[in-house]
Amino acid sequence: PDAMQIDFADAFIGGGVDHTGDQEQILFVIYPELHISYIVCEKMNDNEAIVISGCQRYGNYVGYGSKLKFDGYHDDPLKDKRDCANRVPRHVIGIDALVSPGRQLSLPVILRDLNKAYIGFKGDCLIDKAEKLPISTGKWGCGAFMGNPQTKFMLQWLAASQNGRKMIYYSFDDPAYKSIVPVLKKWTGKTVGQCFSAIIEAGEAKIEGVIHPDLFKILLKQQVHYI
C-alpha cells in the first residue's frame, strides 16, 4: 500500500540482519539499500527514530525466521516514480521498542514506547505535510523483544492518531487480537488523551498473580473519562 513502512528495529538499526529472518531483517533483504543505514547511523536514543526514504525493492521472499527463502527478483512498480525530492516514493521508519519491558502497562514503559512511536510516525520532513501517508505496521516489539501485542497496538494507534495519520495494521491472525473490533468500536472517536488515561488506569489495576493483564478486556469494561 501507499504508506510509510515501520521497521521493527534494533536500537542499532539492522542489528542481526546477517543471521536472523525477523521483520527488520526481511526488510533489509528485499530493500538492500537499507544496509547503508547501519554504516552511517549510531545507536538510537529513546527520543530518536530513523527515517529512510527512496529505497527500491529488488527481491521477493517466502517464509519467516529460519524458514526465510529468496523467491526471485521483484520488479518494483515505484522504481520509475519520484517524490518531491526526486526519490523513489518509499519511506521506511526505524523505531526500536523496549526489550523485555517487564510490566508493560507501567507508566515509564508506556511513555517510552509511546514517545518512540510518535517520533517515528512524524515521518519524512521533506514530504508535503498535506499528504499524510498512513502508517503500515504490525506487532512492533512483540517477537524477540517480548512485547505485549495488545499494548503495542494501542500505543501505535495513539501515536498515529496524534500525528494525524491512518494506520494499516497487520495482526497475522494472532489470537491476542480476537477482541480488537469491539475495542475499536468503543474507543474510535475518543481523544488520544482519553485513550491514554484508560491505558494508564489499566496498568494501575492490581490483578493478583497477573503480570500482563488482558488490556483489551479491561478497556472494554472501562468508562470513558471526558478530560
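Note that the coordinates shown come from a computational prediction; the quantities given were computed from them, not determined experimentally.
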Asks: With side-chain contact (heavy atoms from CB on, under 4.5 Å) as the criterion, how do Asn115 and Asp46 come out once you've worked through the C-alpha distance, each side chain's angles and the decisive distance to 0.1 Å?
Replies: CA-CA 8 Å; Asn115 285 329; Asp46 286 347; over 6 Å; no
Asks: Please answer whether the main-chain N or O of Leu78 pairs with a side-chain N or O of Arg90 as donor and acceptor at a distance below 3.5 Å.
Replies: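 No: the side chain of Arg90 does not pair with the backbone of Leu78.
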Asks: Okay, side chain of Asp10, backbone of Ile13: is any donor-acceptor separation there less than 3.5 Å?
Replies: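 Side chain of Asp10 to backbone of Ile13: no pair is present.
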Asks: Is there side-chain contact between Trp157 and Thr188, with heavy atoms separated by less than 4.5 Å?
Replies: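 Yes, side chains in contact.
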Asks: When you measure from the side chain of His35 to the backbone of Phe28, do you find a donor-acceptor pair of N or O atoms at a distance under 3.5 Å?
Replies: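 Judged by distance alone, yes, a pair lies under 3.5 Å.
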Asks: For the residue pair Leu27 and Leu34, what are the closest heavy atoms and their distance?
Replies: O-CD1, 3.5 Å
Asks: Can you tell me if Asn163 uses its side chain to pair, donor with acceptor, with the backbone of Tyr118 under 3.5 Å?
Replies: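 Flag set: sc Asn163 to bb Tyr118 pair under 3.5 Å.
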Asks: Given side-chain contact (heavy atoms from CB on, under 4.5 Å), test Val29 with Tyr61 step by step and report yes or no.
Replies: CA-CA 9 Å; Val29 169; Tyr61 72 94; over 6 Å; no
Asks: Just how far is it from atom OG of Ser136 to atom CD1 of Ile93, taken to the nearest 0.5 Å?
Replies: 11.0 Å
Asks: Identify the two heavy atoms, one from Val88 and one from Cys55, that lie closest to each other, and give their separation to 0.1 Å.
Replies: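 So the minimum-distance heavy-atom pair works out to CG1-O, 3.8 Å.
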Asks: Take Lys81 and Asp2 through the salt bridge (Lys or Arg N to Asp or Glu O under 4.0 Å) test and state the conclusion after the steps.
Replies: CA-CA 12 Å; Lys81 298 181 180 180; Asp2 190 11; over 6 Å; no
Asks: Taking atom CD1 of Ile36 as the centre, report whether more than 12 heavy atoms of other residues, nucleotides or ligands fall under 6.0 Å from it.
Replies: no
Asks: Do Lys116 and Met44 touch side chain to side chain, with heavy atoms closer than 4.5 Å?
Replies: yes
Asks: Closest approach of Gly120 and Ala49, non-hydrogen atoms and distance?
Replies: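 So the two residues come closest at CA-CB, 3.6 Å.
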Asks: When you measure from the side chain of Gln23 to the backbone N and O of Ile6, does any donor-acceptor pair fall under 3.5 Å?
Replies: yes
Asks: My understanding is that only one of Ile199, Ile110, Thr191 makes a side chain to side chain contact (heavy atoms under 4.5 Å, CB included) with Leu158; could you say which?
Replies: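 The passing option is Ile199.
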Asks: Evaluate Gln156 against Thr137 for side chain to side chain donor-acceptor pair (under 3.5 Å), listing each step before the verdict.
Replies: CA-CA 9 Å; Gln156 291 183 93; Thr137 187; 2.5 Å; yes
Asks: Passes side-chain contact (heavy atoms from CB on, under 4.5 Å), Leu111 versus Phe196? Steps please.
Replies: CA-CA 10 Å; Leu111 285 175; Phe196 176 77; 3.8 Å; yes
Asks: With sequence neighbours left out, write down each residue that passes ring pair (Phe, Tyr, Trp, His ring centres under 6.0 Å) with Tyr169, or none if nothing qualifies.
Replies: Phe153, Tyr177
Asks: Does Lys190 use its side chain to pair, donor to acceptor, with the backbone of Cys195 at less than 3.5 Å?
Replies: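 Such a contact is absent between Lys190 side chain and Cys195 backbone.
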Asks: Donor-acceptor pair, Glu33 side chain versus Gln56 backbone, under 3.5 Å?
Replies: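 At least one qualifying donor-acceptor pair exists.
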Asks: Side-chain heavy atoms nearer than 4.5 Å, only ILVMFWY residues, links allowed to pass through others: does that put Leu215 and Val181 together?
Replies: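 Cluster IDs for Leu215 and Val181 match.
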Asks: Could you give the distance from CG (Asp124) to CG (Leu133), rounded to the nearest 0.5 Å?
Replies: 9.5 Å
Asks: What pair of heavy atoms forms the shortest contact from Gly63 to Leu68, and how long is it?
Replies: O-CD1, 3.7 Å
Asks: Tell me whether Ile119 shares a hydrophobic cluster with Phe12, the cluster being built from Ile, Leu, Val, Met, Phe, Trp, Tyr side chains joined at under 4.5 Å.
Replies: no
Asks: What is the minimum heavy-atom distance between Ala160 and Met167, and which atoms define it?
Replies: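 Scanning both residues completely, I find the closest heavy atoms to be CB-CB, 4.2 Å.
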Asks: So, for Gln150 and Asn148, which heavy atoms are closest and what is the spacing to 0.1 Å?
Replies: N-OD1, 3.0 Å
Asks: Can you check side-chain contact (heavy atoms from CB on, under 4.5 Å) on Tyr58 and His74, steps first, answer last?
Replies: CA-CA 5 Å; Tyr58 289 92; His74 180 83; 5.9 Å; no
Asks: Hey, is the main chain of Arg57 close enough, under 3.5 Å, to the side chain of Asp76 for a donor-acceptor pair?
Replies: yes
Asks: Is there side-chain contact between Val183 and Met154, with at least one heavy-atom pair below 4.5 Å?
Replies: yes
Asks: Just checking Lys166: does its NZ atom have more than 12 heavy atoms from other residues, nucleotides or ligands closer to it than 6.0 angstrom?
Replies: no
Asks: Would you confirm whether Arg112, through its side chain, and Leu114, through its main-chain N or O, come within 3.5 Å as a donor-acceptor pair?
Replies: no
Asks: Atom CD of Gln104 and atom CE of Met146: how far apart are they, to the nearest 0.5 Å?
Replies: 9.0 Å
Asks: Kindly compute the distance separating CG (Asp113) from OG1 (Thr151), expressed to the nearest 0.5 Å.
Replies: 9.5 Å
Asks: Are side-chain heavy atoms of Tyr64 and Asp22 found at a separation under 4.5 Å?
Replies: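 Sidechains of Asp22 and Tyr64: in contact.
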Asks: Hey, could you give me the CD/CZ distance between Glu24 and Phe8, rounded to the nearest 0.5 Å?
Replies: 10.5 Å
Asks: Atom CG of Leu220 and atom NZ of Lys185: how far apart are they, to the nearest 0.5 Å?
Replies: 11.5 Å
Asks: Is it the case that the side chain of Asn45 and the backbone of Asn47 share a donor-acceptor pair, with hydrogens and angles ignored and the cut-off at 3.5 Å?
Replies: no
